[in-house]
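Quick note: numbers below take in every heavy atom, side chains included, and nothing from hydrogens, waters or symmetry partners. This structure is a prediction, so every number in the text was calculated from the model and none was measured.
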Amino acid sequence: MAMSKGAVELISEIHMESVQTVSPLTITEPRQARQVLTADPIGSGASQDDARWFHVGWLKESLARALLVQPIFAGRFREGDELMEIVSNDSGIRLIETRIPTSLSEFLDFRGSRGREDAEAELVFWKDIDEENPQYSPLVYVQVTNFQCGGCSIGISCSLLLADILLKENFIKKWADIHSNMLSQDVLPAAPMYYFRNIKKCTDCSPTSIFSSNTSKKSGQTMIFTIPGEHVNSENDDALQFCVEEAESKFGTKMAPKCSLFLKTKSCNSIKVENFPKDGLIKPKSGLQSQIAAEIWEDFGSNDVEFRKGNKPALVSYWIRFVSGGLVMAMPSADQKGCPDEVKVIVTVPYQDEF
């Protein structure tokens with residue numbers, strides 16, 4: 001389907017203005033580590049301009065504070081003889097600043113059109129992990145896009161190996177709360193620590209020429225489930241099979257015979273990546289359906305974030321970048337009230353034409 005002319009113009013006119021690195025506010029001690037268990041390589045009176053620099057500066061400073069809570073986001077891969085892991089070595093996440101020559105309300109007018117989806121993908125930056133030197137690749141990117149009206153969007157992308165932390169720990173809300181509380185302090189400095197007002201901007205060039213994104217809104221269709229944790233382990237996949245069958249039935253398409261499974265359990269600080277042979281599993285036990293509840297993206301809580309008190313987002317959008325054949329992800333639930341063993345299962349089914 002062709003994009004509308006307006007959406008095409010939006011994409012072509014988004015301009016990257018800066019690429020920065022944000023590390024935790026203080027050195028992480030002791031360092032955290034997350035093992036990655038897989039047999040395959042990881043590949044997969046200020047002026048308006050002054051106000052904008054202030055805004056991005058405060059976001060960067062609050063993000064540095066938020067990384068004290070989750071320093072693993074600022075880490076990198078480390079390969080050993082028999083082990084790959086993610087280490088919180090304070091190398092930092094990438095912060096991208098862009099601007100778009102339209103108002104936020106005009107951008108939202110594209111809502112519901114395929115053209116708006118393609119333009120929306122430009123508000124999130126991602127660069128694939130370098131397969132030959134993964135230790136140099138950031139695992140999390142944040143893109144701040146400034147609109148002409150003074151509004152902005154915040155796009156966050158991360159490796160699937162860290163997605164469970166981003167979602168179940170609700171990192172975005174924690175960051176927003178830190179940011180909002182920081183701005184409400186009576187002793188707030190006149191300008192943020194990261195304030196680059198005097199940097200001369202190049203009008204004829206952009207970091208895009210040397211720092212390009214692999215972002216794509218090409219994704220599958222996703223369903224989310226909450227299931228009892230006793231049904232999710234390496235020897236018992238009947239609940240995962242049920243979730244896959246439910247997603248296939250709802251979206252009217254089939255996943256590949258072997259799709260990707262990301263399994264995170266509470267028992268150890270590691271994430272297991274393996275093939276999920278859905279066609280080789282036994283049929284789910286009868287009665288299991290009554291123990292499984294369907295969820296939605298909004299249940300992860302990002303719709304309620306407030307980077308400024310009383311100012312909630314006009315739109316929150318989630319997607320998982322296309323994974324060939326489909327994806328199953330299982331992670332401990334963040335809500336442990338009354339049922340400490342619940343697990344969130346995310347199933348992403350490819351569109352029919354993506355095989």
Side-chain angles (χ1 to χ4, degrees), residues 1 3-4 6-11 13-14 16 59 63 73 93-100 102-127 140-147 149 151-160 162-176 179 213-225 247 250-251 294-308 311-323 327 329 331 334 344 346-351 354:
M1 181 182 296
M3 291 187 296
S4 65
V8 174
E9 291 175 349
L10 282 178
I11 293 175
E13 293 180 2
I14 292 179
M16 185 184 297
L59 283 172
L63 180 56
F73 283 150
I93 70 175
R94 289 286 187 267
L95 175 65
I96 315 297
E97 185 188 3
T98 64
R99 57 179 168 84
I100 182 170
T102 188
S103 69
L104 181 58
S105 61
E106 290 172 335
F107 182 87
L108 294 175
D109 284 342
F110 287 105
R111 187 171 187 176
S113 70
R114 182 61 180 268
R116 209 292 302 275
E117 289 186 358
D118 290 314
E120 190 175 280
E122 296 300 313
L123 305 183
V124 181
F125 189 98
W126 175 254
K127 191 172 182 64
V140 179
Y141 289 86
V142 174
Q143 177 176 324
V144 180
T145 301
N146 300 289
F147 291 84
C149 60
C152 76
S153 73
I154 299 176
I156 300 178
S157 63
C158 74
S159 165
L160 282 171
L162 295 175
D164 63 297
I165 302 178
L166 182 69
L167 293 172
K168 76 183 184 69
E169 300 294 340
N170 208 344
F171 176 78
I172 300 175
K173 188 175 188 307
K174 291 179 179 178
W175 175 22
H179 185 84
S213 173
N214 303 126
T215 305
S216 172
K217 193 71 183 282
K218 183 180 180 182
S219 60
Q221 305 165 96
T222 298
M223 284 192 72
I224 304 171
F225 305 87
K250 177 179 179 179
F251 298 124
E295 306 286 346
I296 56 177
W297 282 117
E298 285 74 10
D299 292 330
F300 287 108
S302 293
N303 292 61
D304 297 323
V305 300
E306 297 182 2
F307 280 88
R308 291 183 179 273
N311 188 2
K312 292 187 177 181
L315 173 69
V316 176
S317 180
Y318 304 81
W319 72 87
I320 295 176
R321 189 180 172 191
F322 175 66
V323 177
L327 169 73
M329 179 180 296
M331 67 187 80
K344 294 284 188 185
I346 299 175
V347 180
T348 298
V349 179
Y351 288 102
E354 290 179 340

Practice prompt. Just do the side-chain contact (heavy atoms from CB on, under 4.5 Å) check on Val142 and Leu63 with the steps written out, would you?
Written response: CA-CA 10 Å; Val142 174; Leu63 180 56; 4.2 Å; yes
Item to complete: To the nearest 0.5 angstrom, please state how far the CG atom of Leu160 sits from the CE atom of Met329.
Response: 4.5 Å
Fill in: Any residue meeting ring-ring contact (aromatic ring centres under 6.0 Å, His included) with Phe251, in chain and number order, not counting sequence neighbours
none
Fill in: Criterion side-chain contact (heavy atoms from CB on, under 4.5 Å) on Tyr318 and Thr222, from CA distance to verdict
CA-CA 10 Å; Tyr318 304 81; Thr222 298; over 6 Å; no
Worksheet item: Taking only residues two or more places apart in sequence, or in another chain, which ones meet Glu295 in a side-chain hydrogen bond (donor to acceptor under 3.5 Å, both in side chains)?
Response: Thr226
Discussion item. For a quick test of reading the model, state the closest non-hydrogen atom pair linking Asn146 to Glu97 and the distance between them.
Written reply: ND2-OE2, 3.0 Å
Item to complete: Taking the side chain as every heavy atom from C-beta outward, state whether Leu166 and Val140 have any pair of such atoms under 4.5 Å apart.
Response: no
Practice prompt. Would you kindly say whether Glu120 and Ser317 are connected by a side-chain donor-acceptor distance under 3.5 Å?
Written response: yes
Practice prompt. Decide yes or no for Leu108 and Leu315: does some side-chain heavy atom of the first lie under 4.5 Å from some side-chain heavy atom of the second?
Written response: yes
Practice prompt. State, with a plain yes or no, whether a side-chain heavy atom of Leu123 is found less than 4.5 Å away from one of Phe107.
Written response: yes
Worksheet item: Okay, side chain of Gln143, backbone of Ser153: is any donor-acceptor separation there less than 3.5 Å?
Response: no
Worksheet item: Does some side-chain heavy atom of Leu59 sit less than 4.5 Å from a side-chain heavy atom of His179?
Response: yes
Discussion item. Tell me the closest heavy-atom pair linking Trp126 and Ser159, and the distance in Å.
Written reply: CH2-N, 3.6 Å
Worksheet entry | Beyond-backbone contact of Asp304 with Lys312, side-chain heavy atoms, under 4.5 angstrom | yes
Practice prompt. Check the pair Trp297 / Asn303 against side-chain contact (heavy atoms from CB on, under 4.5 Å), numbers first and verdict last.
Written response: CA-CA 9 Å; Trp297 282 117; Asn303 292 61; over 6 Å; no
Worksheet entry | Closest non-hydrogen atom pair between Phe307 and Ile172, with its separation | CZ-O, 4.5 Å
Discussion item. Could you go through Val124 and Tyr141, starting from their C-alpha distance and side-chain angles, then the distance that decides it, and tell me whether this counts as side-chain contact (heavy atoms from CB on, under 4.5 Å)?
Written reply: CA-CA 8 Å; Val124 181; Tyr141 289 86; over 6 Å; no
Discussion item. To check you understand the geometry: which heavy-atom pair defines the closest contact between Ala176 and Val305, and what is its length?
Written reply: CB-CB, 4.0 Å
Item to complete: Kindly compute the distance separating OG1 (Thr348) from CD1 (Ile320), expressed to the nearest 0.5 Å.
Response: 3.5 Å
Discussion item. Rounded at 0.5 Å granularity, tell me how far CG in Leu162 sits from CD1 in Ile93.
Written reply: 11.0 Å
Item to complete: Tell me, please, which residues at least two apart from Asp164 pass side-chain hydrogen bond (donor to acceptor under 3.5 Å, both in side chains).
Response: Arg34
Discussion item. Measuring only between side-chain heavy atoms, which start at C-beta, is Val144 closer than 4.5 Å to Phe125?
Written reply: no
Discussion item. Any heavy-atom pair between the side chains of Met331 and Leu167 that's under 4.5 Å?
Written reply: yes
Practice prompt. Answer yes or no: are there more than 12 heavy-atom neighbours, outside Lys174 itself, under 6.0 Å from its atom NZ?
Written response: yes
Worksheet item: Do the non-hydrogen side-chain atoms of Phe171 and Ile165 ever get within less than 4.5 Å of each other?
Response: no
